[in-house]
Amino acid sequence: MVEATEKLTKKSEDPSRWYLDLIRMAKLADYGPVRGTFAIRPYGFAIWERIQCDLDGRFKATGHQNAYFPLLIPESYLKKEAEHVEGFDPELAWVTIGGREELEEPLAIRPTSESIICDFYRNWVQSYRDLPILINQWCNVLRWEKVTRPFLRTAEFLWQEGHTVHATAEEAREEALKMLNIYRDCFYEAMALPVLTGIKSPSERFAGAVETYTCEGLMGDGRALQAATSHDLGQNFARAFDITFLDERQERVYPYQTSWGLSTRTIGGLILVHGDDRGLKIPPKLAPVEAVIVPIWRGKNKAEVRKEAEALYSELKGSGFRVEVDLDEEHSPGWKFNEHELRGVPVRVELGPKDIEKGQVVLVRRDTGEKEFVGRRGMPESLRALLAEIQENMLHQATEFRNANTRRAETYQKFKEIIEEKRGFVIIPWDGTEETEARIKEETKATIRFLPFEREEGKDPVSGRMGRTAVFARAY
RNA sequence: CGGGACGUAGCGCAGCCUGGUAGCGCGCCUCGUUCGGGACGAGGAGGUCGGAGGUUCAAAUCCUCUCGUCCCGACCA
């Protein structure tokens, strides 16, 4: 018998190909005509909408409001913060012609919006009574990337960028940390991604920030992925863009700012962490479809099974589930099982003649593949409980993996071995110098992912000098 | 941006070396039979061979350039 449909490449055989196959086969995204551009297809976008919904709720709950700023940024604006331009210059795309006429000033397509937003903030911030300003925008940005991969690194991508202004340095720092924790909570609670948080080393810091905080995830292949960052901008941008306000003592002072972002890259992280040889595995809270009902019928009882399946669908939908019923008559149940597993639907509900007879349904969970028979009557409760269990189990599995792949190295030799053979996060004290950091990167391809918040001193195995522990990994 | 590989139907590929009317599998459409882990039969649609030049009576095939994709390195959410 010939294989009826294309098989997904095994994750273990060729992870890179697996990743690309999966995105195509699960209809998450499709390549665009310009390098690094992609269409996010409805199913992929639905996942993004779930992330948006969760995060947006958390932003609003902490007093932030959404707004929208221009896509085009005049060159002169971008140039105001020296480090900032320098950091982004190599990846800017420029608009130089409008209506067939050369523009007086080139316009950059935003790679991030600090500069244009600061220009508005200069006018919006006049008094301490205007502060804090807590604004977020959901938008697309463009960075002229040389090497691109769907979701993980695309030229154009979707994200949210928060931009806040505060009266004091402490407030700004607190805000940056607060948002980092919001990201962390969203990763743990909604995405089942057990990210670690910490501080970026100066070389990995956002261009123009005084401190960058990060959420770092560990992918299935042992490489790290920067999943979200939150920046304490200090007064750097305020000074560059001349944002000032009169404080309570009637003195004109510069405010302190933050910015923080999470992008569609996160979807790539979800795929890499949870996916397996059968395909995607979406945590229930993020799944566009929490459960799919697959009716199993034979010629003679098709009508009856169909009717039961539709009734169950209505009932579950009525109970608030994101549910789908697969009434397609062209494919066999087996084909449907594979298809929905590929798409990562957390629970499959099988309903056939035998089940109807016994007043039951079959629940099959995507995370473990386990089957259970539950009474038709108590369906909504059973499903709710199972989804919660899957959500928990997925986080648990990912956490176990992360823990098992987070190691301490006593010597530089040991460090190299772990990075080479096992990968994962490797913890060693770092003397704080750029030279040591660069040497490690040069020799092992590992970079400092972050410095843990809990400060810990030790002897740097590379230089022999004392320093603070840092978490290293090869990164995406 | 360096080093390598590859662009032929929606997807995976053959054909290219040795130029001569573009093929296979899956998918897609129609009809019928099927349906508890990727069903089967019979019909059918679909390609300016990534693009531009060149060589030739003739180019998917040979040459040059260009764009794109993938893998490995340097830069980045």
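Lettering follows sequence order; numbering is per chain, from 1. Hydrogens, waters and symmetry mates are skipped; everything else that's a heavy atom, side chains included, is used.
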Under the ring-ring contact (aromatic ring centres under 6.0 Å, His included) rule, collect the residues that match up with A/His331, sequence neighbours excluded. A/Trp335

Determine the Euclidean distance between corresponding C1' atoms of B/rC13 and B/rG47; express it in Å to zero decimal places. 15 Å

Would you call A/Asp276 and A/Lys281 a salt bridge, taking side-chain N to carboxylate O under 4.0 Å as the test? yes

Distance between C1' atoms of B/rG38 and B/rG19 (Å, rounded): 42 Å

Output the rounded distance in Å from CG (A/Leu142) to C1' (B/rA77). 13 Å

Distance between the C1' atoms of B/rC1 and B/rG12, in whole angstroms? 31 Å

Rounding to an integer number of angstrom, what distance separates B/rG23 and B/rC62 when you compare their C1' atoms? 22 Å

Give me the residues of residues 110-120 of chain A where at least one heavy atom lies under 4.0 Å from an atom of RNA chain B, by number, or none. none

Any idea which heavy atoms bring A/His163 and A/Ser259 closest together, and the distance? ND1-CB, 3.7 Å

Strand partner of B/rC65, provided both Watson-Crick or wobble distances fall under 3.5 Å: B/rG51

Aromatic centroids of A/Phe151 and A/Trp48 separated by under 6.0 Å: no

Among the nucleotides B/rC13, B/rA77, B/rU69, which one has an atom lying closest to any side-chain atom of A/Tyr31? B/rU69

Closest contact, heavy atoms only, A/Phe187 versus A/Ala228: CE1-CB, 3.9 Å

Integer angstrom distance from the C1' of B/rC6 to that of B/rG41: 38 Å

Measure the distance from CZ on A/Arg205 to P on B/rA77 and round it to the nearest whole Å. 13 Å

Pairing check on B/rC1: which nucleotide meets the Watson-Crick or G-U wobble criteria with it, both distances under 3.5 Å? B/rG73

Reckon A/Gly36 touches a base, only the sugar-phosphate, or nothing at all at heavy-atom distances under 4.0 Å? sugar-phosphate

Counting only pairs under 3.5 Å, give me each side-chain donor-acceptor contact of residues 303-313 of chain A, with atom names and distances, residues two or more places apart or in other chains.
{"residue": "A/Arg306", "atom": "NH1", "partner": "A/Glu329", "partner atom": "OE2", "Å": "3.0"}

Are any of the side-chain nitrogens in A/Glu114 or A/Lys80 under 4.0 Å away from the carboxylate oxygens of its partner? no

B/rC49 and B/rG7: how far apart are their C1' atoms, nearest whole angstrom? 10 Å

Rounding to 0.5 Å, atoms CZ (A/Phe425) and CD1 (A/Ile419) come to a distance of 10.5 Å

When rounded to the nearest 0.5 angstrom, what distance separates OG in A/Ser263 from CG in A/Leu152? 9.0 Å

Counting primed atoms plus P, OP1 and OP2 as sugar-phosphate and everything else as base, spell out the protein contacts along nucleotides 3-10 of chain B at 4.0 Å heavy-atom distance: B, S or - for each nucleotide, 5' to 3'. --------

Is the CD atom of A/Glu86 crowded by more than 12 outside heavy atoms at less than 6.0 Å? no

Counting any heavy atom closer than 4.0 Å, what does A/Thr154 reach on the DNA or RNA strands: base, sugar-phosphate only, or nothing? base

Would A/Arg343 and A/Glu324 satisfy salt bridge (charged side-chain N to carboxylate O under 4.0 Å, His left out), going step by step from the backbone distance to the final call? CA-CA 13 Å; A/Arg343 298 202 306 156; A/Glu324 208 175 79; 2.8 Å; yes

I want to verify a distance call: between B/rG12, B/rC70, B/rA39, whose nearest atom is closest to the A/Trp335 side chain? B/rA39

So what does A/Val147 touch, heavy atoms closer than 4.0 Å: a base, only the sugar-phosphate, or nothing? base

Distance in angstrom units between A/Arg149 CZ and B/rG68 P, rounded: 19 Å

Other residues, nucleotides, ligands: >12 heavy atoms within 6.0 Å of A/Trp144 CH2: no

When rounded to the nearest 0.5 angstrom, what distance separates CD1 in A/Ile116 from OH in A/Tyr121? 12.0 Å

Partners passing ring-ring contact (aromatic ring centres under 6.0 Å, His included) against A/Phe472 (at least two apart in sequence or in another chain): A/Phe415

Could you check A/Glu339 against A/Lys146 and say which one's nearest nucleotide on RNA chain B is further toward the 5' end? A/Lys146

Using a cut-off of 4.0 Å on non-hydrogen atoms, how would the nucleic acid contact of A/Glu341 be classed: base, sugar-phosphate, or nothing? base

Among residues at least two apart in sequence or on other chains, which ones pass ring-ring contact (aromatic ring centres under 6.0 Å, His included) with A/Trp297? none

Pair partner, B/rG37 [Watson-Crick or wobble, under 3.5 Å]: none

Strictly under 3.5 Å: I want the nitrogen or oxygen pairs between protein and nucleotides 32-34 of chain B, one per line.
{"residue": "B/rU34", "atom": "O4", "partner": "A/Glu329", "partner atom": "O", "Å": "3.1"}

Using a strict heavy-atom distance below 4.0 Å, which residues from residues 436-446 of chain A are in contact with RNA chain B? A/Lys441, A/Lys445

Can we say A/Glu420 and A/Lys445 salt-bridge, meaning some charged N sits less than 4.0 Å from an Asp/Glu carboxylate O? no

Using the C1' atom on both, measure B/rC40 against B/rU48 and round to a whole Å. 37 Å

If you assign A/Thr37 and A/Arg143 each to the RNA chain B nucleotide with the nearest heavy atom, which residue ends up on the more 5' nucleotide? A/Thr37

Within residues 347-369 of chain A, those residues having any heavy atom closer than 4.0 Å to RNA chain B are A/Arg348, A/Glu350, A/Gly352, A/Pro353, A/Lys354, A/Asp355, A/Val362

According to the Watson-Crick and G-U wobble definitions, with both distances under 3.5 Å, which nucleotide is paired to B/rG23? B/rC13

Whole angstrom value for the distance that separates P of B/rA77 from CG of A/Leu92: 13 Å

What is the separation between atom CE on A/Met25 and atom C1' on B/rG12, rounded to the nearest whole Å? 11 Å

Salt-bridge contact A/Glu341-A/Arg366 (side-chain N to carboxylate O under 4.0 Å): no

Respond yes when some side-chain nitrogen or oxygen of A/Arg35 is under 4.0 Å from OP1 or OP2 of B/rU69, and no when none is. yes

Between the side chains of A/Asp221 and A/Arg474, is the shortest nitrogen-to-carboxylate-oxygen separation below 4.0 Å, so that they form an ion pair? no

Separation of B/rC29 C1' from A/His331 NE2 (nearest whole Å): 13 Å

Mind checking what makes side chain to side chain contact (heavy atoms under 4.5 Å, CB included) contact with A/Phe373, not counting sequence neighbours? A/Gln360, A/Val362

Sequence neighbours excluded, the answer for ring-ring contact (aromatic ring centres under 6.0 Å, His included) partners of A/His166 is none

Enter the distance from A/Ile47:CD1 to A/Ile271:CD1 here, rounded to the nearest 0.5 Å. 7.0 Å

Return the residues of residues 214-232 of chain A meeting this criterion: a heavy atom under 4.0 Å from some atom of RNA chain B. Order them by number, or give none. A/Gln226

Using whole Å, report how far NZ of A/Lys336 lies from C1' of B/rC35. 8 Å

Spacing of the C1' atoms in B/rG15 and B/rU61 (rounded, Å): 9 Å

